[in-house]
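In this text, all values refer to a predicted model and were calculated from it rather than measured experimentally.
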Amino acid sequence: GKGTRPTGAFRKFESVEQKPNGLVVVKLHETEIVSVDPEGNFTLDTGGFKTSMTLEAMNSALAPFRISVTAPAGFDGDWMVSDGKRFMQRVQDGTQLPVIGHRDPAVRAQRGKLLMMNKEQGRC
């Protein structure tokens, strides 16, 4: 059902790494579910695994940036990504999101570093 509660089970299967090109990726199993480029742009990818675990892991990584992913029509339906304000669009695997959130490029450029730090400290 839609009312699935967070379990945190995804953490056992999650890893975070920074690639030589500066891309920071959050992996669930082998899928890079959330990646942040050096400019702070996000790309989401379910890898075809549209499950409660993928959804929860994506939301955990995106929470510090006030971005959320929902499955309003159930996990098999379209997933939506939103900043809770003006921006909402369908999640398209492997497609970079438009520039959202903070206006300052210097602040956006810190997102990858912030994501790594949050994950290392167990904050998200």
Drop me the distance from [X]'s [atom1] to [Y]'s [atom2], to the nearest 0.5 angstrom.
X: Ile100; Y: Met88; atom1: CD1; atom2: CE; value: 11.5 Å
X: Leu114; Y: Cys124; atom1: CG; atom2: SG; value: 8.0 Å
X: Leu23; Y: Glu39; atom1: CG; atom2: CD; value: 10.0 Å
X: Asp45; Y: Asp93; atom1: CG; atom2: CG; value: 4.0 Å

Closest approach of [X] and [Y], non-hydrogen atoms and distance?
X: Ile33; Y: Ala57; result: CD1-CB, 3.5 Å
X: Val36; Y: Gly112; result: CG1-N, 3.8 Å
X: Ala61; Y: Leu115; result: O-CD1, 3.4 Å
X: Thr43; Y: Gly94; result: CG2-C, 3.5 Å
X: Gly8; Y: Glu56; result: N-OE2, 2.7 Å

Check whether any side-chain heavy atom of [X] sits under 4.5 Å from a side-chain heavy atom of [Y], and report yes or no.
X: Leu44; Y: Val69; value: yes
X: His102; Y: Arg66; value: no
X: Arg111; Y: Phe65; value: yes
X: Val16; Y: Val24; value: yes
X: Phe42; Y: Gln96; value: no
X: Thr54; Y: Trp79; value: yes
X: Met80; Y: Pro72; value: yes
X: Leu55; Y: Phe75; value: yes

* Would Lys27 and Glu17 count as a side-chain contact (heavy atoms from CB on, under 4.5 Å) if you check the C-alpha gap in whole Å, the side-chain angles of each, and the deciding distance to 0.1 Å? -> CA-CA 8 Å; Lys27 286 171 80 168; Glu17 65 176 284; 3.6 Å; yes
* To do: Could you pull out all residues at least two apart from Lys113 that satisfy salt bridge (charged side-chain N to carboxylate O under 4.0 Å, His left out)?
  => none
* Asked: Is a side-chain N or O of Thr7 found less than 3.5 angstrom from the main chain of Ala9, in a donor-acceptor match?
  -> yes
* List in chain and number order the residues that pass ring pair (Phe, Tyr, Trp, His ring centres under 6.0 Å) with Phe10, two or more places apart in sequence or in another chain; answer none if no residue qualifies. => none
Answer yes or no: are there more than 12 heavy-atom neighbours, outside [X] itself, under 6.0 Å from its atom [atom1]?
X: Arg123; atom1: CZ; result: no
X: Glu30; atom1: CD; result: no
X: Asp76; atom1: CG; result: no

* To do: Test side-chain contact (heavy atoms from CB on, under 4.5 Å) on Met58 and Met53 and set out the steps.
  => CA-CA 9 Å; Met58 274 186 176; Met53 187 179 284; over 6 Å; no
* Residue pair Val81, Ile67: steps toward the side-chain contact (heavy atoms from CB on, under 4.5 Å) verdict -> CA-CA 7 Å; Val81 56; Ile67 297 167; 3.5 Å; yes
* Listed partners of Ser60 passing side-chain hydrogen bond (donor to acceptor under 3.5 Å, both in side chains), at least two apart -> Lys119
* To do: Apply side-chain contact (heavy atoms from CB on, under 4.5 Å) to Val91 and Asp78, showing your working.
  => CA-CA 7 Å; Val91 172; Asp78 283 342; over 6 Å; no
